[in-house]
*Asks:* 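Structure provided below as structure tokens; questions to follow.
Small disclaimer: the values here were computed from a predicted structure and weren't measured. Computed from heavy atoms alone, side chains included, the values below leave out hydrogens, waters and symmetry copies. Ligands are counted one by one from 1 in listed order, and the atoms in each one are counted from 1 as well.
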Amino acid sequence: MKRVVIVGGAGRMGQAMAEGLSRYEDISIVGLVDRSEPRDLFGATYAQSLSELGDVSVDVVVDFSVPESVETSVAWCSTHHVGLVIGTTGLSDQQRALVAKAGEVTGVIIASNFSLGAVLSERFAAMAAPYFDRVEIIELHHDKKVDAPSGTSLTTAHGISEARRASGKQPLVDPTQRHTFEGARGADVYDGIKIHSVRLPGLVAHQEVLFGGPGEGLTIRHDSFDRTSFVQGVALAVRKVDATPFYANGIDSLL
Ligand code: NAD
């Protein structure tokens, strides 16, 4: 039985994780940590911080909060030798380095997307990348998302750029000559790959990778219709991590 504490336990993902993970027989939600009180406790202990949890025994911390709070989770899990699964996105390079370093003292898995379909679509996009001249990404999320572009779109773009480089493709050059309005062509990320971010109420997490070549196009689309789509991947990660030093970026290697 893995005893899990969720940081960001009052948030949209935290509540969905508590509900989803508690359905597994080998996972028990023992704590919810959040600055605000969770709507539903799912039988767990509530605390405002990990250090205020008291004598609750913890095997794994699952973090779906904000980047600053991830730093606290990393420090706490490293000191207490507790496994850490991070779903929070928008981390700086420095914060990412801290997370990777924690993998030298305890088990750590960070993933920008825990849905299996999204991970597969990243793989498919990397497979297609060497065969097309142009590629752009459109990511669509609910209007409460605080960071842009999404972590998933950045991971996807990175995978595409690596695959393009490996096959000898040059960085993309935007053919647009005149921008009537700044920003119309999205954000240039790795090797000129563009990401366009859409934020609308009613959406959860969606992404289209559009490839273009002579006389043809290929679109790889993934939709997370609700937050249960992330539960299976988080459960995989929770089962994998413990106090044994380990680090993985993405759940690809766990599939
Ligand atoms: P949310 O705003 O609903 O929840 C975040 C929660 O964190 C809030 O309840 C907030 O009170 C809490 N929080 C903020 N600072 C805190 C602190 N210092 N200590 C403890 N709790 C604190 O956001 P959400 O929609 O649940 O998303 C949370 C994160 O998960 C975002 O970064 C989002 O991009 C990410 N996300 C990741 C995946 C994935 O598969 N990796 C999927 C969906 C969302």
*Asks:* Phe114 versus ligand 1: do any nitrogen or oxygen atoms come within less than 3.5 Å of each other?
*Replies:* yes
*Asks:* Give the atom numbers and elements of ligand 1 that come within less than 4.0 Å of a heavy atom of Thr88.
*Replies:*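 Near Thr88, the atoms of ligand 1 are 32 (O).
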*Asks:* Have a look at Gln207 and tell me which of Ile195, Ile137, Asp223 forms a side chain to side chain contact (heavy atoms under 4.5 Å, CB included) with it.
*Replies:* Ile137
*Asks:* Going by the angle between their ring planes, with limits at 30° and 60°, are Tyr190 and His158 parallel, tilted or perpendicular?
*Replies:* perpendicular
*Asks:* What part of Ser112, side chain, backbone, both or neither, has a heavy atom within less than 4.0 angstrom of ligand 1?
*Replies:*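 Near ligand 1, Ser112 shows its backbone, while the atoms from C-beta on stay back.
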*Asks:* Could you tell me, atom by atom, which parts of ligand 1 come under 4.0 Å of a heavy atom of Ser69?
*Replies:*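 Here the atoms of ligand 1 in question are 16 (C), 17 (C), 18 (N), 19 (N), 20 (C).
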*Asks:* Going by the atom numbers of ligand 1, which of them fall below 4.0 Å from some non-hydrogen atom of Gly87?
*Replies:*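 This gives 30 (O), 35 (C), 36 (N), 37 (C), 38 (C), 39 (C), 41 (N) as the contact atoms.
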*Asks:* Run the salt-bridge test on Asp143 and Arg199 with the 4.0 Å N-O cut-off and return the result as yes or no.
*Replies:* no
*Asks:* I'd like to check whether Gln48 has a polar contact with ligand 1, where a contact means an N/O of the residue lying under 3.5 Å from an N/O of the ligand.
*Replies:*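 Checking ligand 1 against Gln48, no N or O pair falls under 3.5 Å apart.
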*Asks:* Just going by heavy-atom distances, which of Arg227, Glu71, Met13, Lys144 is nearest to atom 27 (O) of ligand 1?
*Replies:* Met13
*Asks:* Out of all atoms in ligand 1, which are within 4.0 Å of some heavy atom of Lys145? Include the element for each.
*Replies:*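 Per the distance check, 34 (O).
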*Asks:* With heavy-atom distances below 4.0 Å as the criterion, list the atoms of ligand 1 near Ser36.
*Replies:*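 Listed by number with element: 11 (O).
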*Asks:* Is the closest basic N to carboxylate O distance between Asp191 and Arg165 below 4.0 Å?
*Replies:* yes
*Asks:* Using heavy atoms and a threshold below 4.0 Å, how should the contact between Ala111 and ligand 1 be classified: side chain, backbone, both, or neither?
*Replies:* backbone
*Asks:* Hey, mind stepping through Val58 and Arg3 against side-chain contact (heavy atoms from CB on, under 4.5 Å) and telling me if it holds?
*Replies:* CA-CA 5 Å; Val58 189; Arg3 293 160 298 186; 5.7 Å; no
*Asks:* Tell me, with the steps shown, if Glu104 and Tyr247 meet side-chain contact (heavy atoms from CB on, under 4.5 Å).
*Replies:* CA-CA 8 Å; Glu104 293 171 14; Tyr247 172 72; over 6 Å; no
*Asks:* With heavy atoms only and a cut-off of under 4.0 Å, state how Phe230 meets ligand 1: side chain, backbone, both or neither.
*Replies:* side chain
*Asks:* Please state which option from Ser65, Gly11, Gly8 has its nearest heavy atom closest to atom 28 (C) of ligand 1.
*Replies:* Ser65
*Asks:* Within a distance under 4.0 Å of any heavy atom of Val66, pick out the atoms of ligand 1 and give their elements.
*Replies:*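 It comes down to these atoms of ligand 1: 14 (C), 15 (N).
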*Asks:* What pair of heavy atoms forms the shortest contact from Ala126 to Ala163, and how long is it?
*Replies:*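 Taking Ala126 first and Ala163 second, the nearest heavy atoms are O-CB, 3.3 Å.
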*Asks:* Starting from atom 38 (C) of ligand 1, which protein heavy atom do you reach first, and at what distance in Å?
*Replies:*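 Among all protein heavy atoms, the one nearest atom 38 (C) of ligand 1 is Phe64 CE2, 3.7 Å.
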